[in-house]
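The structure appears right after this line, and notes come after that.
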Amino acid sequence: MSKLPRSFYARAAEDVARDLLGKVLVRMFEGHMLRGRIVETESYTGESDPGSHAFRGPSPRNRVMFGEAGHLYVYLSYGMHSCMNVVTDSVGVAGAVLIRALEPLEGVAAMATLRGGRPFVELCNGPGKLCQAFAITRSQNGMDLESTEIWIEDDGWIPLEITCSTRIGLSAGTDLPLRFFLPDNIFVSKGKTSGG
DNA sequence: TGAATGATCACG
DNA sequence: GTGATCATTCAT
């Protein structure tokens with residue numbers, strides 16, 4: 001049960017995305033401890049990645065992707081949903097890992113309330129859903145994962161198997177196998193699998 | 001299958 | 001300033 005150090009994040013986004021599978025996101029919210037195991041991620045880089053927000057260089061929105069690793073990058077999608085990324089790579093190099101799905105472990109009642117009473121398996125099986133369940137909005141943008149409000153820890157659990165496939169919901173860069181998930185885990189978001 | 005809903009970006 | 005686009009979710 002150890003909190004991941006900043007050096008864990010200060011690597012290539014693709015490596016961080018793969019290694020985050022099985023780790024546990026922890027969030028303190030109004031006295032509740034919310035915990036969920038990461039079961040699905042996608043990696044995004046910079047100028048070489050047409051699917052990335054940072055593809056066209058720095059802007060006010062993607063600024064944190066170019067900053068120090070181990071911070072949160074949260075943005076609003078489709079005008080109504082927040083999506084949560086973890087910043088990777090070194091300062092000046094754009095990189096981030098989108099957290100797409102979690103397996104709820106602790107604080108499930110609080111998550112269900114935040115999610116409007118949705119069924120258990122639908123609490124965190126999508127990027128917008130898990131942000132709602134963990135009360136993460138753009139006001140958490142730039143937050144440090146070494147803070148006491150939100151962090152990611154390793155509880156020793158190791159995935160049996162990791163599968164990769166192309167990323168979801170993009171109009172560019174869809175040919176790259178940069179989505180990582182645990183096959184057979186029921187909390188992985190719906191959408192395409194690795195061709196099966 | 002498509003409605004909801006607003007920030008962001010390119011362009012002028 | 002305007003218009004197109006979007007790393008989605010939910011109800012039909």
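Residue numbering restarts at 1 for every chain, and letters A, B, ... go by the order of the sequence lines. Since the structure is predicted, the reported quantities are computational estimates derived from the model, not experimental observations.
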I'd like to compare against my own output: the B/S/- annotation of nucleotides 7-12 of chain C with a strict under-4.0 Å heavy-atom distance to protein. BBSSS-
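Here the CD atom belonging to A:Glu122 is positioned 5.5 Å from the NZ atom belonging to A:Lys129, to the nearest 0.5 angstrom.
Taking atom CZ on A:Arg56 and atom C1' on C:dA4, their separation rounds to 12 Å, with Å as the unit.
Cation-pi geometry between A:Arg63 and A:Phe66 is not satisfied (NZ or CZ under 6.0 Å from the ring centre, within 45° of the ring normal). A:Phe187 does not carry A:Arg37 over the face of its six-membered ring by the limits of under 6.0 Å from the centre and within 45° of the normal.
Partners of A:Arg27 according to the side chain to side chain contact (heavy atoms under 4.5 Å, CB included) rule, which considers only residues two or more places apart in sequence or in another chain, are A:Phe29, A:Leu34, A:Phe134, A:Ala135, A:Ile136, A:Gln140, A:Glu149, A:Ile150. In this view, A:Glu14 satisfies the side-chain hydrogen bond (donor to acceptor under 3.5 Å, both in side chains) rule with no residue, not counting sequence neighbours. Evaluation of the side chain to side chain contact (heavy atoms under 4.5 Å, CB included) rule for A:Met28 yields A:Met33, A:Trp151 as partners, not counting sequence neighbours.
A salt bridge does not link A:Glu146 to A:Lys3: none of the charged nitrogens lies less than 4.0 Å from a carboxylate oxygen.
For the pair A:Glu40 and A:Asn185, the minimum side-chain heavy-atom distance is 4.5 Å or more.
Between A:Leu170 and A:Ile168, the closest heavy-atom pair is CD1-O, 2.9 Å.
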Once Watson-Crick and G-U wobble pairs under 3.5 Å are found, how is DNA chain B written in dot-bracket notation, 5' to 3', with | for any base paired to another strand? ||||.||||||.
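Of all nucleotides in DNA chain B, those with any atom nearer than 4.0 Å to a heavy atom of chain A start and finish, going 5' to 3', at B:dA4 to B:dA10.
Other residues, nucleotides and ligands contribute over 12 non-hydrogen atoms within 6.0 Å of the CG atom of A:Asp175.
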